[in-house]
K.L.:
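Please see the structure below; I have some questions.
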Amino acid sequence: MTETITETFTELHEFLAAEQQLREDIRFVVKDMEQTTREIQKVLQAIHQPQGLKKVPELCESARKLFEAVKDQTKNLSDKIPVNQYYKYHDHWKFVFQKLMFLAALIVFLESENLIDRSVAAELIGAKVNKEDGFHVDLEDFLMGLLQLASELSRLSVNAVIAGDYNKPLLISAFLSNLESGFRLLNLKNDALRKRFDALKYDLKKVEEVVYDLSIRGLKPKDTSVLTELTN
Amino acid sequence: MTETITETFTELHEFLAAEQQLREDIRFVVKDMEQTTREIQKVLQAIHQPQGLKKVPELCESARKLFEAVKDQTKNLSDKIPVNQYYKYHDHWKFVFQKLMFLAALIVFLESENLIDRSVAAELIGAKVNKEDGFHVDLEDFLMGLLQLASELSRLSVNAVIAGDYNKPLLISAFLSNLESGFRLLNLKNDALRKRFDALKYDLKKVEEVVYDLSIRGLKPKDTSVLTELTN
Amino acid sequence: MTETITETFTELHEFLAAEQQLREDIRFVVKDMEQTTREIQKVLQAIHQPQGLKKVPELCESARKLFEAVKDQTKNLSDKIPVNQYYKYHDHWKFVFQKLMFLAALIVFLESENLIDRSVAAELIGAKVNKEDGFHVDLEDFLMGLLQLASELSRLSVNAVIAGDYNKPLLISAFLSNLESGFRLLNLKNDALRKRFDALKYDLKKVEEVVYDLSIRGLKPKDTSVLTELTN
Amino acid sequence: MTETITETFTELHEFLAAEQQLREDIRFVVKDMEQTTREIQKVLQAIHQPQGLKKVPELCESARKLFEAVKDQTKNLSDKIPVNQYYKYHDHWKFVFQKLMFLAALIVFLESENLIDRSVAAELIGAKVNKEDGFHVDLEDFLMGLLQLASELSRLSVNAVIAGDYNKPLLISAFLSNLESGFRLLNLKNDALRKRFDALKYDLKKVEEVVYDLSIRGLKPKDTSVLTELTN
Amino acid sequence: MTETITETFTELHEFLAAEQQLREDIRFVVKDMEQTTREIQKVLQAIHQPQGLKKVPELCESARKLFEAVKDQTKNLSDKIPVNQYYKYHDHWKFVFQKLMFLAALIVFLESENLIDRSVAAELIGAKVNKEDGFHVDLEDFLMGLLQLASELSRLSVNAVIAGDYNKPLLISAFLSNLESGFRLLNLKNDALRKRFDALKYDLKKVEEVVYDLSIRGLKPKDTSVLTELTN
Amino acid sequence: MTETITETFTELHEFLAAEQQLREDIRFVVKDMEQTTREIQKVLQAIHQPQGLKKVPELCESARKLFEAVKDQTKNLSDKIPVNQYYKYHDHWKFVFQKLMFLAALIVFLESENLIDRSVAAELIGAKVNKEDGFHVDLEDFLMGLLQLASELSRLSVNAVIAGDYNKPLLISAFLSNLESGFRLLNLKNDALRKRFDALKYDLKKVEEVVYDLSIRGLKPKDTSVLTELTN
Amino acid sequence: MSTSTSIEPEVDHGNSKKTEVVNKFREFQSDLDGKHDKHERLVKISRDVTIESKRIIFLLHRYREGMSDTEKNKILEEGNQKMKLIQENKFHLMAIELKNEDPNQFMRAVSPGLQEYLEALSFYHYLEKGLLISLNEVQNQFVFNSSEKLESATFKVPAEEYLLGIADLSGELMRLAINNITAGKFDLSFKVCEFLQVLLSSFSLFGNTIKELNRKMTTLQQSLRKVENACYTLRVRGCEIPTHILADVIAGSGKISEQIE
Amino acid sequence: MSTSTSIEPEVDHGNSKKTEVVNKFREFQSDLDGKHDKHERLVKISRDVTIESKRIIFLLHRYREGMSDTEKNKILEEGNQKMKLIQENKFHLMAIELKNEDPNQFMRAVSPGLQEYLEALSFYHYLEKGLLISLNEVQNQFVFNSSEKLESATFKVPAEEYLLGIADLSGELMRLAINNITAGKFDLSFKVCEFLQVLLSSFSLFGNTIKELNRKMTTLQQSLRKVENACYTLRVRGCEIPTHILADVIAGSGKISEQIE
Ligand SMILES: [Mn+2]
Ligand SMILES: [Mn+2]
C-alpha cells in the first residue's frame, strides 16, 4: 500500500510545484506591465498643466507608443496562461488591466470626445473582447476603467477652466451624464464596481458645479447647440 | 453621443444580466447537490453506531446509489459552465466537491481499505481528473477531501472498539500513517490545506493511542502480517 | 427514543424549510421592486438635464405610472408576510422602500413644491402608514427617504441655474430649511439616520450658496413675496 | 409651509420617543430574567459534583420552582411587546431565552432521559410554541438551547464516570447520537446555529471516547439491550 | 483673544507635564516590580517539572524571599501616589498586581492546599486590604489573580500525573470546584473578570477529565473521604 | 541541562537589559525633541491666521531659533547611538525627524518659495545627509517630510485666500505640481511613502480647485508669465 | 438590580472547606456590590447631566449674529437658569457621593456628563464674552455650600476633563458658524475661524498626554477645516463685487446689475 | 526590475524651477534604487536559506529514538553537510553584502532566512547533544575566511535573532516528540517535555523586550502544552500495567492477557 500512495503523492507534488512556478512567472510579467502603465500615466498627467490641453495630440501620440510595449507584455502574459485557467490567475493582472483600460479610454476621449469601444480598448493592449477569441479583458475590468476615467475628467474640467478653456467642462459634463445613464442600466452585483459607481455620481456633481460656475457668470459658450445634441 | 453610449451599455447590460442569471442557476444546482451530499453523509454516519460496521456493504451500496444522483447534478452543473470559465465560478461548488471527495474516499476505504484513486473519485461524481478532458475536480479539493477522511477514520477507530471490532483500528492506523507520509511530500502553499494537514497529525496520534490501548490489553489481533505488509 | 427524536426533527425541518422558502420568495419580489425602482429613478434623473425642468409634468407622469407597478409588487410582498412577522423579514425590503419614499417625495415636490404626506407616500406604493392597518412603511425608512430627497434637491438647485431657472433654487432653499428644522425636533437614536441628517446640513449650505450667488448678481427674482410666505 | 412641516415632525418625534422608552422597559425586565436564569444554572451545576447525580430529583425540583418566577417575568415582557413587533425587539431576549431553553431541556433529560418537547419547554417559561398563539419562543432559540444541552451532557458523562455511574455515559452517547441525526435533517441557514452544530460533533466525539474507555476496560454495563433499543 | 487662550494653556501644559513625569516615575518602579514578578514566576514554574512537586517547600521559600523585594517596591510605588489618586494611575500596576496575587495564592495553595486570605495576599506584597488603611490591592485584581491560579492548577494537574502524583489532581479538582461556587456568588460587572470566569469553567472541565482518566483506570486514591468532605 | 540553559539566558538577559536601558535613554531625548518640534509647529501654525502671512519673516525667525535647540538634541541623540546601529533604533526618532524635515521645508518655502535642499534640511537639525558622514537623516524620512509639506500648503492656499492673498495659491499650485512630477520619478517601495504620495494627488487637486475659484472670478493675478515658467 | 437573592444554604453545613471559600466570597460580594451601586447612581446622575447639557447647547444654537441685545440676553438667561439647576440638583449630589472617595475610581461614570456640561458651559461663555472660559472660572462653579437637604461639598474638576470638554466645544462652534452662514450672517464665522485656529495650535502643545484627546483632536481639526472652507467660500464669493456693494447686497437692496462682473 | 526607463526630456529645457526639482529627485532616485537593489539581493539569499533550512529540518525529523548509532550519525552527517553548504554559499555572500553597512537596515530582509537557519542549527545541536546551542557556538559559524572567489567577512548574529530562532525550535521539538510517540517511541517525549519546560521558564525572564518574541512565546506555550498532554496520556495509559510489562508491550511481544487489569 505504501508504495502506491507514495507514487500518487509524488505525482501530485510535481503538479503543485509547477503551478507555483507559473504564479511566479506571471507576477514577473505583470510587474513589467505595471512599470509601462506608470509611464503612460506620467505622460498623460501633463494635460492638467496650464499648457496641457494645447499639447493633446503630442501627448496622445507618446502614450500610444507606450501602448505598443504593453501589447508585447500582454502577449508574454497570455502565452503563460493555460487554456481554461484565465480566471484561476485573474487576480494577478486585474488591477493593471483596469488602469490600462482607463488610460486607453482617456486617450480616445481626448482625441475624439467619444466613449471608447470595448474592442478598441482591448486591441490597444493586444487582447480580445470575448473569451472565446483568446486572452481577453474581463468586462468588469473594462467598466472599472471607465469609472476611473470619470474621476480624471472631473479633475480636468477644473484645470480646463484655469487654462481658459470654457468649452471642455461642458463636453465633459455631457459625457459623464451619458456615462452615468449608461451605468444606471447595469444591475451591478460586483461590490467594487458599485462603490466606484457611487464615486461617479460625485464626479458628475463636481463637473455640474463647474458648468454652473461658468453659466452664472455668463462664461458658458453661447452656442450650446452641440451640447443639446450631445445629451439628447 | 447619448445614443451610442446607451447602445453600448444596453449591450453590456444584457451581458451582465446573463452572467448573473448563470450564477443563480449554478447556485440552484449546487443547492441540490448539497442536499444529496447531506443524505449520503447521513447514510454513512451509521458506521459509528454499535451495529454499524456490520452493515458496511449495505451502507456503501445505499451511498453509491445516491452518488448516481450526484452524477446527474454534476452533468447539470457542467452544462452550465462556459468553456474557459471553470475558475470564474469555482467558489460555488468548491466546498460541496470537497465533501463529495471525502465521502467517495470513505466508501472506497470501507469497501477495500485502499486509498481512492483520483480518477475513481472523479468518476463517482461524473467529473474528469484533468481540466483538458472537461469539467474536472480541482486537485486541491480532492486533497481536502482526503484530509476530511482522516478525521472521520480517527473517530471510527474509537467506535470500532466500542462495537468490538479490534481489527479496524490497526487498519486505520496503517492507512493514516501512509497518508501522512504522502502529504509530507507536498509543499503545500494553500493555507486551508496546510491547516487541515496539521489536524491530520492529531488524527493519526489519536488512532495510535487506540492501537496502543489494544496492544497493552492483548486485544490486538495476533496475525499482524497483513499490517506489516500494509505499511511497507 | 430514536423515533421520537426523528419525528420531532422532521417536523422542525419542514418548519425551517418553509421559512427558507419564504425568504427566497421575498427576495424574488424585492428584486422586481428594485428593478422598477431603478427605472423610476432613471426617468426622474432627466430633471438634471438642460431641458429637464421643462418636462417635469411628463416625467412625473411617467414615474407615477411606474409606481402603479410598484403597488402590485407591494401587494405581492405583503401577501407573503405572515401576521406578526414584518420585522423578522424587514431587512429584505428596507433599502428599496427608502429609495421609493425618496422618489415619491421627489415627485410630490416637483409637482407641488410641498413636503409629501406620510400617508400619500405610503399610498403611492400601496402600503399603510400604521402597522395596525396592515403592511406598512417603517417610519425610519420614510425619514431616510426624505433625507435622500435633500441631496437630490441640492444637486437640482445647481442644474436649475445652468438651465436658466433662477426660481427653483429659492424654492428649494426654503424647503430644505424647513425640513432641517423638522429633523431637529427628532431625537434620532438610529445611527444611519443621524449620519444622513448631518449630510442634510451640508446640502442646505450648498443651496444657500447658490441663492447667494444669484442675489449678488441681481438674478434673484424680484418678487420674493412667495418665499417670505414659505419660510414663515 | 413651515407650520405643516413642524406639525408633521412633532408627531413623528413623539412616536420615536415612545419607542425608545419601550426599549428601556424591555431591557429592565430582561435583566431580571437573566438574574433568575443565573440562579437556575447555579442549582443545576451541582449535578457535576461527586454526590450530584444522586440528588437529581431535589435539584430538578428547586430548579422548577425558579422557573415559576421566570413565568411571571415572561408575562411582564410579553405585556410590553405590541402586536406585530416581536421581531423588532427580539434581540433583547434572544440570548436569555436560549439559555432558558437549555436549562429546561436539561431538567427533562435528567428526570426522564428524553428530549424535551418544544411545547413543554415553552410552557415552562410561560410562552407559546407558535407565533399565532401569542408571545412565543423562536424556533431557532429553542434549537440553540438543545445544542447547549449537548455540551453540558458531554461534561456530565465525564463526571458520571468519576462518580462511579457507568450507565449514564451510554445513555448520553445514544441521546447525543440521536440528537445529531436530528440536526442533520435540518438545512441550517442561521450562522450561529451552524457553528454551534459543529461543536455538537465534538461533544459527541468526547462522549464516544468515554464509552470507548469504559468498553475497553470491560466497564460497559453488560445489559445493553436498553441502549440498542435507544439507538434503533 | 490669542493671549488668554495661550496663557490658560501654558498653565495647563505645566500641570500635565508634571503629571506625565509622575507617570514616568511610576512606570519605572512598576518595571522593577515586573522584573521581580517574572523571577518569582520562573521559580514557581519549576513545579511543573518532573521533580518539581517534591521540591515545593524549597521553591516556595525562594519565592517568598523574592516577595520581600516586592514589598520594597510597593513602598516605593505607594510613596509616589498622591492621596486619593490611586485610581488615576491604577492602570499602571493593575496587571502586575494581578500576577502577584496569583503567585501569592499559588504559594499558599502549594503549602497548605487552602485558598489564600485576601489580607495574607496583600501583606505579602506590603499593601493593605482596604483603601482606608493606605495603599491597597483592588479587590478585582485579587479576584483576577485567583482566576489565573485556576489555569495554573489545571495545568499542574496534568503535570502531576506525569510526575506520578495521582493525589494532586483530586485536590485541585475539589479546590477549583469550590472556587467556582464562590465566583458564582458574585454578580460580576467587570467585563475582564467575567470573561476570565468563563475560562475557569474550562479549567475545571480539564481537571475533571484528568480525574476521570485516573478513576477509570483505578488510579484514583481509594480514600476519597477527604475529598467528599472538601466539596460539601 | 537546566543549568546550561539558565546560564545562556542569564547572559542574554543582561545584554538585553542594557539594550532596553539604551532605548529608555533614547526615548527620553526624543521626547524632548518632540516637545521642541511641537513648539516650532505651534509658531508656524500662525501662518494660517488672518494676519499670518504678513508676519512670515518674524515667524520663520522664531522657528529657526527653536531649531537651534533641536541641534543640541540631535547631538545628544547621536552620542547615544553605537556605530552601525542607527537603523536598530531608527523607529524611535523616525517620526519626529519626518516632522522636522517638514517644518524645515515649510520655512524654506515661506522664505523663498523654493524646494529645500536635502543638505540644508539636515544641517538645520544638526545632522548629516549621508550615513558615511555621521548621524544622518534617512532619505525616506526627508521625502515623507516633503509630502507633509504638500498637505500644509494645500491648507495654506485656502487660508491665503481668506486673508486676501490671491497670489500664494498660484505659487503653491505650481510648487505642488513640480513636486508631484518629482515624486512620479521615484519607484517607491516604501508603503507609507506610497500611501502618502496618493494624498499628495488630493492636495494638488484641492489647490487646483482654489486656483480655479480664483480664475473663474477673474481674481487670478494677470501676469501669469512667471507661473508658466514655474511649471515648465 | 438587587443582588441579594443568592442566600446560600451551605452556610449551615459546618466548617468544610467549601463553606470557608463561600464565606470569603460572600464578603467580596458586599464589597463589589457597594462599589457597583455607587457607580450606578453616578452613571444615572451623569446621564441626566448629559441630557440637560445637550438641551442647553441646543438652546444656545438659536443665537444669530446681529440679534438685538434683548433677544441675545433672553437666550443666555435661559441657558444660565438651566445650568444653575444642573449645579444644584446634580453636581451637588455628585460631589457628596464622591466625598471621601478617590474620585478617579468613578471617573468613568462621571466623565460623560461632566464633559458635556463643560462643553455647554464653555459654549455659553463664548457666546457671552467671545472668550475661552478658564479652568479656574469653571472650578468656581463646583463649590457647593450646604443647603436644607444637602451638606457642603466640593468637586475638583480634573484638568483632563476640562480639556476634553473644551475640545468638544469646537464642534459646536463649527455648527454655530455654519448655521449663521446658512442664515446669511457671515462675520461670526471669521471670528470663530480664528478662535478655532488659536485653540488648535494651543492644543498642539500637548503631545500624547491624554489618550482620549487624540481622537478629539482629529475632530477639532475637521471642524476647523469646515469653518476654514466656509470662510474661504465667503471670501471668494465676496470678492466678486466691491465690498461696499456687497454690503448693499447683503442688506437686501439687491439692485446690482449683471455688468458688475 | 529596471528603473532606469524614465529618462526625462525636461533636462534640456534650461533652468526653470521644474528642472531644478526634477534634478533633485533624480538624485534621490539613485539613492533609493541602490538601497532597494541590495535589499532585493539579500531577500533572495534569505529566501534560499529558508528553503534549504526547512529541508534540513525535514531531514532531521527522520530521527527516531532507539535508532542505531550508524543510522543516527548518517542523518546528522547529512544535515551537517547541508549546513556547511549554506554557510559557504549563502551566509558568506550575505556577510560581504553587509560589510560597511549598518546590518540593522537590512535586517528585515535577512531575518527570515537567518532565523530559519538558527532553528535548523539548534535542532541539529539538540539531536546531537541533547543541549541548547549557545549564542557563542552559533557565532563561531559566522566568521568567514577569504576563499578563491570571496574575501573574508564576519556576520555578527544579533542576540534577538538568536532568541527568535530558538523560540521556533520549540515547534520542531514538539513535532519530534509527537512523531516519535506515533512511532511507538515514548522516552524522548519526556525529555523534550522537560527541555521545553526549562526553555519556557527561561524565556519568561524577558519581559516585552522583543516585540516579535511575544507572539512566538504563545506558540512555544502551545507546543509545550501539546507535549505535556502527550506525556500525560502516555503516563496515564502506561500506568494501567506495570512498567516491566509495558516495556514488553512496547517491544511488541504483546503477550499480556486481559487479567492484568
Ligand atoms: Mn457636542
Ligand atoms: Mn519551524
Side-chain angles (χ1 to χ4, degrees), chain F residues 1-13 15-17 19-20 23 81-90 113-118 129-132 138-140 142-143 146 171 174-175 177-190 193 226-232, chain H residues 1-3 5-6 8 10 13-14 16-29 31-33 35-36 39-40 98 100-108 130-137 156 158-160 162-163 166 191 194-195 197-199 201-203 205-210:
Chain F
M1 177 184 71
T2 311
E3 272 169 42
T4 351
I5 298 188
T6 305
E7 245 169 68
T8 307
F9 273 78
T10 310
E11 209 178 299
L12 291 173
H13 179 52
F15 180 90
L16 286 176
E19 210 176 284
Q20 201 67 1
R23 283 189 191 275
I81 311 304
V83 168
N84 268 357
Q85 308 238 6
Y86 184 94
Y87 286 103
K88 180 157 197 176
Y89 304 104
H90 179 206
E113 279 139 25
N114 276 327
L115 179 61
I116 194 167
D117 255 10
R118 205 175 148 198
V129 168
N130 298 309
K131 56 178 166 239
E132 293 74 25
D138 186 79
L139 175 54
E140 297 186 343
F142 175 70
L143 292 173
L146 297 187
L171 281 163
F175 182 81
S177 168
N178 289 341
L179 203 61
E180 201 217 8
S181 303
F183 269 101
R184 263 186 203 288
L185 279 178
L186 306 181
N187 184 10
L188 299 172
K189 297 274 171 180
N190 177 312
L193 271 179
V226 191
L227 285 168
T228 311
E229 181 203 316
L230 284 176
T231 54
N232 278 292
Chain H
M1 281 281 325
S2 114
T3 48
T5 30
S6 329
E8 287 300 298
E10 289 99 328
H13 271 260
S16 73
K17 285 217 179 185
K18 179 160 189 175
T19 316
E20 258 180 73
V21 172
V22 164
N23 283 340
K24 277 181 184 164
F25 273 81
R26 208 177 300 285
E27 210 190 296
F28 302 158
Q29 186 185 8
D31 264 41
L32 285 178
D33 287 351
K35 197 178 89 186
H36 289 147
H39 183 91
E40 286 294 314
L98 291 174
N100 303 321
E101 293 281 359
D102 177 347
N104 298 288
Q105 189 172 16
F106 300 98
M107 205 43 82
R108 222 155 31 94
L131 294 174
L132 180 68
I133 196 169
S134 74
L135 177 54
N136 269 339
E137 288 168 300
K156 197 164 173 304
E160 291 89 345
Y162 166 76
L163 285 172
I166 297 304
K191 281 184 214 141
E194 192 173 359
F195 184 84
Q197 280 170 338
V198 175
L199 200 62
S201 70
S202 299
F203 265 114
L205 265 190
F206 306 117
N208 296 332
T209 12
I210 309 172

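The sequence lines fix the lettering, A, B, ..., with proteins before strands; numbering per chain opens at 1. It should be emphasised that the depicted structure is a prediction, and the values quoted were computed from it without experimental measurement.
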K.L.:
Heavy-atom distance under 4.5 Å to chain F: side chain of H:Glu101, backbone, both or neither?
P.N.:
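Contact with chain F: backbone and side chain both.
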
K.L.:
Calculate, to the nearest 0.5 Å, the distance between atoms CD and CG belonging to F:Glu7 and H:Leu132 respectively.
P.N.:
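CG of H:Leu132 is found 11.5 Å from CD of F:Glu7.
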
K.L.:
Measuring only between side-chain heavy atoms, which start at C-beta, is F:Leu143 closer than 4.5 Å to H:Phe25?
P.N.:
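Contact flag for F:Leu143/H:Phe25 side chains = yes.
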
K.L.:
How about CD on F:Glu11, more than 12 heavy atoms from neighbouring residues, nucleotides or ligands closer than 6.0 Å, or not?
P.N.:
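No - once you tally the heavy atoms of other residues, nucleotides and ligands closer than 6.0 Å, there are 12 at most.
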
K.L.:
Decide yes or no on side chain to side chain contact (heavy atoms under 4.5 Å, CB included) for F:Leu146 and H:Lys24, but give the supporting numbers first.
P.N.:
CA-CA 12 Å; F:Leu146 297 187; H:Lys24 277 181 184 164; over 6 Å; no

K.L.:
Using heavy-atom distances under 4.5 Å, tell me whether F:Arg118 contacts chain H through its side chain, its backbone, both, or neither.
P.N.:
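Just its side chain gets close to chain H.
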
K.L.:
Is H:Tyr162 in contact with chain F via its backbone, its side chain, both, or neither, using a 4.5 Å heavy-atom distance?
P.N.:
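The side chain, not the backbone.
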
K.L.:
In terms of heavy-atom pairs under 4.5 Å with chain F, which of H:Asn136, H:Leu32, H:Leu205 leads?
P.N.:
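Heavy-atom pairs under 4.5 Å are most numerous for H:Leu32.
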
K.L.:
Atom CD1 of H:Ile133 and atom OG1 of F:Thr4: how far apart are they, to the nearest 0.5 Å?
P.N.:
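Those atoms lie 12.5 Å apart.
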
K.L.:
Below 4.5 Å, heavy atoms only, C-beta onward: do H:Leu199 and F:Phe9 meet side chain to side chain?
P.N.:
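Yes. Closest side-chain heavy atoms under 4.5 Å.
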
K.L.:
Taking every non-hydrogen pair under 4.5 Å, which of F:Phe142, F:Tyr89, F:Phe183 racks up the most with chain H?
P.N.:
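Answer, by heavy-atom pair count under 4.5 Å with chain H: F:Phe183.
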
K.L.:
Evaluate the side-chain proximity of H:Gln105 to F:Asp138: yes if any heavy-atom separation is below 4.5 Å, no if none is.
P.N.:
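When only atoms from C-beta onward are counted, H:Gln105 and F:Asp138 do touch, with a gap below 4.5 Å.
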
K.L.:
So for F:Leu12, is it side chain, backbone, both, or neither that comes closer than 4.5 Å to the heavy atoms of chain H?
P.N.:
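Both parts, backbone and side chain.
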
K.L.:
Please rank F:Glu19, F:Glu132, F:Glu113, F:His13 by heavy-atom pairs under 4.5 Å with chain H and give me the top one.
P.N.:
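Greatest number of close heavy-atom pairs with chain H: F:His13.
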
K.L.:
Not counting sequence neighbours, which residues clear side chain to side chain contact (heavy atoms under 4.5 Å, CB included) with H:Asp102? List them please.
P.N.:
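If we apply the side chain to side chain contact (heavy atoms under 4.5 Å, CB included) test to H:Asp102, skipping adjacent residues, the hits are F:Asn84, F:Tyr86, F:Tyr87, H:Asn104.
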
K.L.:
By a 4.5 Å heavy-atom criterion (distance strictly below it), what part of F:Gln85 contacts chain H: side chain, backbone, both, or neither?
P.N.:
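Its backbone and side chain both get close to chain H.
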
K.L.:
What's the spacing between F:Lys131 NZ and H:Asn100 CG if we round to 0.5 Å?
P.N.:
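Rounded to the nearest 0.5 Å, the NZ-CG separation comes to 11.0 Å.
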
K.L.:
First locate atom CG of F:Leu186, then atom NE2 of H:His36, and finally report the distance between them rounded to the nearest 0.5 Å.
P.N.:
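One gets 9.5 Å once the value is rounded to the nearest 0.5 Å.
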
K.L.:
Can you list everything that forms a ring pair (Phe, Tyr, Trp, His ring centres under 6.0 Å) with H:His39? Sequence neighbours excluded, please.
P.N.:
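Scan of H:His39 (ring pair (Phe, Tyr, Trp, His ring centres under 6.0 Å), adjacent residues dropped) gives none.
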
K.L.:
Within the structure provided, determine whether F:Leu185 and H:Phe28 are in side-chain contact (heavy-atom separation under 4.5 Å).
P.N.:
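Side chain of F:Leu185 against side chain of H:Phe28, heavy atoms only: no contact under 4.5 Å found.
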
